[in-house]
2 protein chains.
Amino acid sequence: MRLSIASWNINSVRLRIDQVIRFLDLARPDILCLQEIKCQNGEFPRKAFEEAGYPHILVTGQKGWHGVALVSKLPFETNEILPFCRRGEARVQGIKAAGIDLWNFYIPAGGDVPDREANDKFDHKLEFYERLTAYLKSRNPDAPLLIAGDLNIAPGENDVWSHRQMLKVVSHTPPELEAFANLMDAGGFHDAFRELWPEPQKLFTWWSYRAADFRKSNRGLRLDHLLINPALKARITSPIAAIIHDRVREWDRPSDHAPIQIEFDL
Amino acid sequence: MRLSIASWNINSVRLRIDQVIRFLDLARPDILCLQEIKCQNGEFPRKAFEEAGYPHILVTGQKGWHGVALVSKLPFETNEILPFCRRGEARVQGIKAAGIDLWNFYIPAGGDVPDREANDKFDHKLEFYERLTAYLKSRNPDAPLLIAGDLNIAPGENDVWSHRQMLKVVSHTPPELEAFANLMDAGGFHDAFRELWPEPQKLFTWWSYRAADFRKSNRGLRLDHLLINPALKARITSPIAAIIHDRVREWDRPSDHAPIQIEFDL
DNA sequence: GTCTGAGTAG
DNA sequence: CTACTCAGAC
């Protein structure tokens with residue numbers, strides 16, 4: 001079977017429901033992982049997704065901030081509780097579909113000051129990574145796993161518009177780069193995007209709203225990821241397609257994140 | 001010459017600039033008086049009015065609340081300072097166009113409690129009426145004058161959906177009705193709307209946002225007025241046309257006020 | 001119900 | 001820059 005998974009930090013699903021449906025109609029992933037839905041469970045626009053052909057829906061919302069959701073053409077099970085967010089915010093989902101564990105994360109952004117003592121948000125972010133990394137070490141590595149979402153770290157020199165300037169900015173500071181590397185090591189993850197577009201090519205999934213013309217300044221970051229563990233990689237029988245839908249960032253009143261998508265045969 | 005004057009409480013001119021231009025294109029008044037523009041002078045969308053054929057613009061704005069503006073096909077002079085608002089808020093404009101004095105007012109709404117002692121906003125409203133009435137008594141009555149705007153009083157029994165219930169509600173309380181009557185007496189004003197649609201016909205220019213269907217409940221008030229003094233009346237050589245553009249209140253995300261317009265030959 | 005401001009977050 | 005909350009106004 002062919003499987004296609006997408007992920008998108010939508011920055012308010014109610015405000016951008018038309019754009020999400022438009023994206024689904026053009027990209028037709030089997031499963032879409034959403035982050036920053038910014039609504040409570042009862043406020044999620046289920047009907048629009050059902051009508052678009054995505055009847056299987058899991059919403060993990062809260063009032064106002066954060067919130068993740070998963071909409072799927074395929075049925076899925078929810079059987080795992082993933083205790084990575086110490087504040088219990090709506091940032092984590094774990095499902096099993098087509099025999100694969102799929103985790104959808106909106107990892108904390110981490111505030112402005114890259115100092116765990118002075119800035120509790122930064123500490124919260126790194127602790128999320130630490131908990132996730134530790135969990136992976138004790139998890140059965142033979143179970144196929146895909147991690148999707150806004151991980152809020154740009155891990156490589158070419159995942160930021162300026163490595164030198166960004167080393168001081170939360171999302172690309174040394175402790176974050178180390179946390180991301182530790183995660184990759186612990187899970188043995190494969191990054192299909194970087195495989196397809198090798199260094200030193202720049203890859204971005206996010207561009208600030210503050211730039212008048214994000215294409216012109218192109219000061220982006222690669223904060224969104226789809227990570228494949230070795231057990232899943234071993235089951236894939238085709239080349240892995242991976243695409244950043246950066247044209248979507250050009251739409252009218254867009255999210256500041258572009259959707260990302262991977263596709264492969266099992 | 002034929003002269004056409006309109007008035008509209010727009011409830012944020014930046015949010016509804018498309019609707020204002022649409023209204024100008026359909027009604028083509030020579031001068032439009034706006035109230036509740038809710039912006040500072042530099043934030044007023046001058047260009048849209050200029051492109052619509054209204055190059056003469058006077059903006060009296062402030063941050064966030066209130067604010068009045070006047071856009072005109074005809075040139076005008078601004079020569080009079082009208083000291084009716086004791087708080088110095090952006091609620092008053094006076095110009096002279098086509099030999100006529102035109103005053104554009106956004107008179108204070110007056111808060112909830114109809115008691116001058118307990119509610120300073122109510123006192124402020126009545127003092128505005130008192131100052132205006134006193135000023136008219138000392139003004140040269142031979143100068144043609146038109147008062148336009150949201151005067152925030154529904155003066156007659158048939159200017160409210162329920163005279164009995166509204167007598168307790170600010171906009172139609174006895175001291176306000178008296179203040180309005182004193183104003184009309186002092187200026188000798190002619191109300192072209194009531195002339196054209198005599199009692200007991202209901203006339204409304206405002207409907208609350210809270211009603212699901214304002215047409216169905218039709219709990220409106222006549223708060224907006226265009227008042228003609230005797231010297232102006234004497235110069236008018238045609239019947240006076242007067243229309244409440246209540247269809248505009250049906251537009252998508254409308255102001256809670258409808259535009260009003262009068263037209264006559266001089 | 002629909003605006004604006006201030007504060008918070010990204 | 002854009003989104004959310006909440007309060008204040010009408």
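Only this structure's heavy atoms are used, side chains among them; waters, hydrogens and symmetry mates stay out. Just so we're on the same page: letters track the sequence lines, and every chain starts at 1.
- Under the rule for a ring pair (Phe, Tyr, Trp, His ring centres under 6.0 Å), the partners of B:F128 that lie at least two apart in sequence or sit in another chain are B:F84, B:F105.
- Residues passing the salt bridge (charged side-chain N to carboxylate O under 4.0 Å, His left out) test with B:D159 are B:R194, B:R222, sequence neighbours excluded.
- Between A:R86 and A:R131 there is a side-chain heavy-atom pair separated by less than 4.5 Å.
- If you take CZ of A:F214 and C1' of D:dT2, they are 15 Å apart, rounded to a whole angstrom.
- Remark: P of D:dC1 and NZ of A:K216 are 16 Å apart, rounded to the nearest angstrom.
- Nucleotide D:dC10 holds its P atom 8 Å from the CG atom of B:N152, rounded to whole Å.
- Between A:R16 and D:dT2, a side-chain N or O to OP1/OP2 separation shorter than 4.0 Å is absent.
- At the heavy-atom level, A:Y106 lies under 4.0 Å from the strands shown only through sugar-phosphate atoms.
- One finds the CD1 atom of A:I5 at 4.0 Å from the CD1 atom of A:I31 (value rounded to the nearest 0.5 Å).
- The OG1 atom of B:T173 sits 6.5 Å away from the CG atom of B:L177 when rounded to the nearest 0.5 Å.
- Listed by first then second residue, pairs satisfying salt bridge (Lys or Arg N to Asp or Glu O under 4.0 Å) with a partner in residues 162-181 of chain B read B:K125-B:E176, not counting sequence neighbours.
- Here A:F122 pairs with nothing under the ring pair (Phe, Tyr, Trp, His ring centres under 6.0 Å) rule; sequence neighbours left out.
- Take A:F23 and apply the ring pair (Phe, Tyr, Trp, His ring centres under 6.0 Å) test, not counting sequence neighbours, and it matches A:W8, A:H245.
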Side chains of residues 32-40 of chain A: which donor-acceptor pairs under 3.5 Å do they make with residues two or more places apart or in other chains?
unit_1 : atom_1 : unit_2 : atom_2 : d
A:Q35  : OE1    : A:N9   : N      : 3.2
A:Q35  : NE2    : A:S7   : OG     : 3.1
A:Q35  : NE2    : A:C33  : O      : 3.3
A:Q35  : NE2    : A:N104 : OD1    : 2.9
A:E36  : OE1    : A:N9   : ND2    : 3.0
A:E36  : OE1    : A:Y106 : OH     : 3.3
A:K38  : NZ     : A:N11  : OD1    : 2.7

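- Residues of residues 109-124 of chain B having a heavy atom closer than 4.0 Å to DNA chain D, listed by number: B:A109, B:K121.
- A:D256 places its CG atom 9 Å from the P atom of D:dA3, with the value rounded to the nearest Å.
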List, one per line, each side-chain donor-acceptor pair under 3.5 Å for residues 61-70 of chain B, sequence neighbours excluded.
unit_1 : atom_1 : unit_2 : atom_2 : d
B:Q62  : OE1    : B:A90  : N      : 2.9
B:H66  : ND1    : B:R91  : NH2    : 3.2
B:H66  : NE2    : B:R91  : NH2    : 3.3

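- If you take CD1 of A:I10 and P of D:dC4, they are 12 Å apart, rounded to a whole angstrom.
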Kindly give the atom pairs (protein nitrogen or oxygen, nucleotide nitrogen or oxygen) under 3.5 Å for nucleotides 5-7 of chain D.
unit_1 : atom_1 : unit_2 : atom_2 : d
D:dC6  : OP2    : A:K63  : NZ     : 3.3

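- For the pair B:R210 and D:dC10, the criterion of a side-chain N or O lying under 4.0 Å from OP1 or OP2 is not met.
- You'll find that the side chain of B:R91 is closest to D:dC10, out of D:dC1, D:dC10, D:dA3.
- The distance between atom CZ of A:R249 and atom P of D:dT2, rounded to the nearest whole Å, is 9 Å.
- With sequence neighbours left out, A:Y54 forms a ring pair (Phe, Tyr, Trp, His ring centres under 6.0 Å) with no residue at all.
- Atom CD of B:E176 and atom P of D:dC10 are 13 Å apart (whole Å).
- Closest-nucleotide positions on DNA chain D for A:A211 and A:S12 were compared, and the one nearer the 5' end corresponds to A:A211.
- Along DNA chain C, the stretch of nucleotides lying under 4.0 Å from any heavy atom of chain B spans, 5' to 3', C:dG1 to C:dA6.
- A salt bridge (Lys or Arg N to Asp or Glu O under 4.0 Å) check over residues 7-19 of chain A, counting only residues at least two apart or in different chains, returns the pairs A:R14-A:E43.
- As rounded to whole Å, 12 Å separates atom P of D:dT2 from atom CD of A:Q19.
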